[in-house]
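Worksheet: the structure to be examined is printed underneath.
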Amino acid sequence: MELDTGFFLRWMDACARDVDREAKTLTELDAAIGDADHGDNMRRGFQAVTVALAEESPATPGAVLTLAGRTLISSVGGAAGPLYGTLLRRAGKELGDAPSTDLPGLRAALAAGVDGVARLGGAAAGDKTMLDALLPAVDALEGGLQAAATAARQGAVDTLPLLARKGRASYLGERSVGHQDPGAASSALLVAALVEAVGDE
Amino acid sequence: MELDTGFFLRWMDACARDVDREAKTLTELDAAIGDADHGDNMRRGFQAVTVALAEESPATPGAVLTLAGRTLISSVGGAAGPLYGTLLRRAGKELGDAPSTDLPGLRAALAAGVDGVARLGGAAAGDKTMLDALLPAVDALEGGLQAAATAARQGAVDTLPLLARKGRASYLGERSVGHQDPGAASSALLVAALVEAVGDE
Amino acid sequence: MKQLINVPETVVADALRGMAAAHPELTVDVSARLVVRRDAPVAGKVGLVSGGGSGHEPLHGGFVGPGMLDAACPGEVFTSPVPDQMVKAAAAVDGGAGVLFVVKNYTGDVLNFDMAAELAEDEGVQVAKVLVADDVAVVDSTFTAGRRGTGGTLFVEKIAGAAADEGAPLDRVAWIARKVADSCRSFGVALTACTTPAKGSPTFDLPDGELELGIGIHGEPGRERRGMMTAREIADATVDALLTDLQPTAPVLLLVNGMGGTPLLELYGFNAEVRRALDARGVVVARTLVGNYVTSLDMAGASVTFCQADEELLRLWDAPVRTAALRWGV
Amino acid sequence: MKQLINVPETVVADALRGMAAAHPELTVDVSARLVVRRDAPVAGKVGLVSGGGSGHEPLHGGFVGPGMLDAACPGEVFTSPVPDQMVKAAAAVDGGAGVLFVVKNYTGDVLNFDMAAELAEDEGVQVAKVLVADDVAVVDSTFTAGRRGTGGTLFVEKIAGAAADEGAPLDRVAWIARKVADSCRSFGVALTACTTPAKGSPTFDLPDGELELGIGIHGEPGRERRGMMTAREIADATVDALLTDLQPTAPVLLLVNGMGGTPLLELYGFNAEVRRALDARGVVVARTLVGNYVTSLDMAGASVTFCQADEELLRLWDAPVRTAALRWGV
Ligand SMILES: Nc1ncnc2c1ncn2[C@@H]1O[C@H](COP(=O)(O)OP(=O)(O)O)[C@@H](O)[C@H]1O
Ligand SMILES: Nc1ncnc2c1ncn2[C@@H]1O[C@H](COP(=O)(O)OP(=O)(O)O)[C@@H](O)[C@H]1O
Ligand SMILES: [Mg+2]
Ligand SMILES: [Mg+2]
Ligand SMILES: [Mg+2]
Ligand SMILES: [Mg+2]
């Protein structure tokens, strides 16, 4: 499975589309245990990514993700901006300037990105954050994009009973239990968009 | 019909009681075309009157009304304070220091008081104010206390279709039509209390 | 509607206790209901006294201090104070040069201040009065109690206060106060009604998707109800209402005033639209004040006041003032 | 819930245009989202930069000016700003003595300011940071993102700003800022939720007859919900929560802060009860500020912050400040 620059551009495209469609839901999730802005943050960020990619036409998969990551950092703000920005920027750096990659290459890149998120935010699995969708997704990526998407979705749903220990939701203590983490939900969207990027070809 | 100091004390007492009972209604009327305080204003005023009369035990009908009027002026504020204060103070002055009066004497006193209200506030019949209950009441007083009460009540109800030309309600223009004037409603209460003051004897 | 209070009956007294605790530079008499600058009376200076119903904070108590009011008389919520308060205030601030009463044009305020003026003069205090009636929403004053006094009060109190501070005699301070009052126009818009402590529920019903144009500051409904408008549309309607009444021929002092429940973020955005509307109509803005100054409890909405200002008024506006709510130059 | 806005997307930009129109003493860059004092950089003076999500006005833009902040970076509503803003701000205010970032302790603010600090240092600006984490409602910081930064931010910005104004070097300004941050404690109560422009409806559901204790300033629910309480009961609960965490050994600076939707009349009444509660527990109040300073849009409610102040902090607090929202001595 060759994953070329086109694939990564289509991925970012699918992310922008899906985040736009689900923005309201993400904001609702954030209203319950956060500050009701996650959907708007993600939409603003991926709209900026779409513009930046169109303007700069990066030539390699690594350049696509690095640019997307930098753009998220410069346009999102909040916790999600630096974290998702780091995810993509680190993944992009890992891809180097090769003209294309394959599934193991993508997996290594995302693993590096997720590691960057964990280092930056200091969260671990089970803290009820985006990591609870991202970590299982990277694991499952061995089995293909669809498997990763399913794992991410499941990971997001599984944040429901968890007690938040990072981010705004942690202020709520016990009252954070029973709600899905908005960042985990958006991570599941981004991973699912990988599948669409293939289909869109 | 002799109206002695006891009668005027009982009148003020009945006013305090009735205003307290109807305060919420008066405030509701004021909410519709004013600022939602008339009931509270009247209650505060007559509570103060009750205290003042108990403390100073005025000896004549004139002294009762003069003290009540001064107390309203010092405790009510708003439009109602000076107007009702003037009503009672002028009526009290008219009664002089006679130990008692009769129906014509009461009528002359109230006529003087109502005249004071008209001068102070510059309103005329039909402007949708307390005068629309007070003026017919003074006229009807010739026929006795009950007749005055009936006339005042009717006068208050008749303010409903009027367009307000004085007080806060005038700011509403056409929108003041269809509501009963709160001051006319409280005036009707005070006149009706005259009847109770006889009955309480 | 929930309120951060003890019981409705003690709201004004509680607030005065809280003012006393926060402002050692003021003398607050909780039982007499007076807020007086601590160094009153200032010998030889005209004393400025204002007052009105509570619920419009920081008006008037927040404007007591050097360069503005010498005393404020807070009434019950939305109920003008009683003459006893004003008489005491006049006595407390008369430094021998007389006292100016700044009166907002409402029947209650006018009647009570008139009575107080008579009583104070009986006690030997020279009293002048200025009536503030700046609200253009009250159109036909021959068939009404006349225009309401709203945001213009702030300009009258600040500028007359500065004149008194400079040592102007009573007739001059009163003349300037009247000139300011004549130069001010206001118009207000409500997005929600307010809730008085005594009533405990909104004073009128304003459904989602509607607003009231031409409101006052006492929780009374306005003159016209319309479907919801954008900040830009509201600014245009407001500025048009103002300019139809008075087209300024000099630069204006501008007050973009919150009614109490509208966040400052929105007020600044509204100011941007008001400025755009004024610019488009050729009105020059010399100074701008944005914030909650003449409020109506928790009402959401805003009012716009302008004061056409010649050099002298501008200089007096810029003069030092030191109060709880307005402060500069000292 | 109705709002005085154009469209949710332009709320922050509109407010910045309005600030620019109202405050000629500020340089407002609407597209870069920066509020900077007009005379920046001040040569030889440490520059103070803060920022955070919008919706807390007057924090931080209203605190830009001599004696306080040199620049503020407003993010989207309740969303921390992006590093680009802080990097630009640092460059604009660096007078050669370095820059202090005042950061409220939220994951987003911390991450973005951290990134900005690295980038600014790459560009040759010396950067120090102070973290404000004063909210005692966040109890166990090992299992959370740590305490939130709320009302204490005002004390940190004012006092560190005064130190910078006096010419203290960066490490000294940072040291004082940290000392103030360590000396502040806050606790907040909501009577209603707030409505963000984007969501258009209250961020959480708070029925009549209930309130939230221990709220933050981002429209998030608090730690505990209770039946409605009187101002006196709320003051007691609030002061107890504060003193359980830190029993001051010096006089305190007191901030009785409105969340945006509570009228000043109620805030002063609440101040009376807070003062009573502090007096009863032997806490001496040196200075009091009552008003809407660190808000949460239109939320009804209040927070109480105290800052334990030695002679030096008190002197720096009293030092002149000239900003849109806090001004004295000049
Ligand atoms: N320390 C952290 N590590 C990883 N993810 C985090 C951390 N803090 C917050 N998040 C994620 O960020 C999401 C919130 O993003 P967003 O609402 O955009 O930012 P903010 O909380 O600043 O408003 C959370 O749902 C969570 O998944
Ligand atoms: N100029 C006036 N002449 C006679 N009565 C008046 C006048 N203005 C107002 N009123 C009466 O006062 C009543 C309002 O009293 P109140 O609500 O206590 O005072 P306020 O209007 O100051 O809140 C009105 O309903 C009206 O009957
Ligand atoms: Mg959020
Ligand atoms: Mg009334
Ligand atoms: Mg009234
Ligand atoms: Mg946020």
Side-chain angles (χ1 to χ4, degrees), chain C residues 1-7 10-12 14-23 54-55 57-58 62 77 189 191-192 194 208-209 211 228 230-232 234 256 260-273 275 285 288-290 292 295 297-298 300-302 322 327-330, chain D residues 1-7 10-12 14-23 54-55 57-58 62 77 189 191-192 208-209 211 228 230-232 234 256 260-273 275 285 288-290 292 295 297-298 300-302 322 324 327-330:
Chain C
M1 297 308 300
K2 287 168 286 186
Q3 294 166 320
L4 186 51
I5 62 172
N6 288 317
V7 291
T10 63
V11 162
V12 174
D14 288 346
L16 288 175
R17 285 193 297 129
M19 275 208 95
H23 301 293
S54 292
E57 290 66 28
V77 171
V189 179
L191 273 58
T192 66
C194 61
D208 255 35
L211 51 72
M228 194 55 200
T230 64
R232 175 163 293 212
I234 294 172
V256 173
T262 286
L264 200 51
L265 183 73
E266 295 178 24
L267 289 181
Y268 271 115
F270 185 50
N271 180 52
E273 295 300 343
R275 175 62 77 92
V285 177
T288 306
L289 200 60
V290 178
N292 291 287
T295 61
L297 292 171
D298 60 341
R322 182 182 183 142
R327 183 161 173 173
W328 56 73
V330 277
Chain D
M1 296 309 300
K2 289 168 284 186
Q3 294 166 321
L4 186 50
I5 61 173
N6 288 318
V7 291
T10 63
V11 162
V12 175
D14 288 347
L16 288 175
R17 286 193 297 127
M19 275 208 94
H23 300 292
S54 293
E57 290 66 29
V77 171
V189 178
L191 272 56
T192 67
D208 253 36
L211 51 73
M228 194 55 199
T230 63
R232 174 163 293 212
I234 294 172
V256 172
T262 286
L264 199 50
L265 183 73
E266 295 179 24
L267 289 181
Y268 272 115
F270 186 49
N271 179 53
E273 295 300 341
R275 175 62 76 92
V285 177
T288 305
L289 201 59
V290 178
N292 291 288
T295 61
L297 292 170
D298 61 341
R322 183 182 180 141
R327 182 159 174 176
W328 55 75
V330 278

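Residue numbers start from 1 in every chain, and the chains themselves are labelled A, B, ... in the order their sequence lines are given, proteins ahead of strands.
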For this session: Could you have a look at C/Thr230, C/Thr192, C/Val11 and say which one has the most heavy-atom pairs with chain D under 4.5 angstrom?
Result: C/Thr230

Seminar exercise, completed: From the list C/Thr288, C/Asn271, C/Leu265, the residue making the most non-hydrogen contacts under 4.5 Å with chain D is C/Leu265

Problem set entry | Approximate separation, where rounding is to 0.5 Å, of C/Leu264 CG and D/Asn292 CG | 8.5 Å

Problem set entry | D/Arg322: partners by side chain to side chain donor-acceptor pair (under 3.5 Å), with sequence neighbours left out | none

Seminar exercise, completed: Ranking D/Glu57, D/Arg275, D/Lys2, D/Gln3 by heavy-atom pairs under 4.5 Å to chain C gives rank one to D/Lys2

Problem set entry | Closest-packed option against chain C by number of heavy-atom pairs under 4.5 Å, given D/Gly329, D/Gly260, D/Gly261 | D/Gly329

Problem set entry | Residues in side chain to side chain donor-acceptor pair (under 3.5 Å) contact with D/Asp14, at least two apart in sequence or another chain | D/Asn6, D/Thr10, D/Arg17

Exercise. Which atoms of D/Ala324 come close to chain C, meaning under 4.5 Å heavy atom to heavy atom: side chain ones, backbone ones, both, or neither?
Worked result: side chain

Seminar exercise, completed: Minimal heavy-atom distance between C/His23 and D/Tyr268, with the atoms involved, is NE2-OH, 2.7 Å

Exercise. Can you tell which of D/Gly269, D/Pro58, D/Ala15 has the highest number of heavy-atom pairs within less than 4.5 Å of chain C?
Worked result: D/Ala15

Seminar exercise, completed: When the 4.5 angstrom heavy-atom criterion is applied to D/Val290 and chain C, the contacting part is side chain

Exercise. Side chain, backbone, both or neither: which part of D/Ile5 has a heavy atom under 4.5 Å from chain C?
Worked result: both

Exercise. Is it the backbone or the side chain of D/Ala21 that comes under 4.5 Å from a heavy atom of chain C, or both, or neither?
Worked result: both

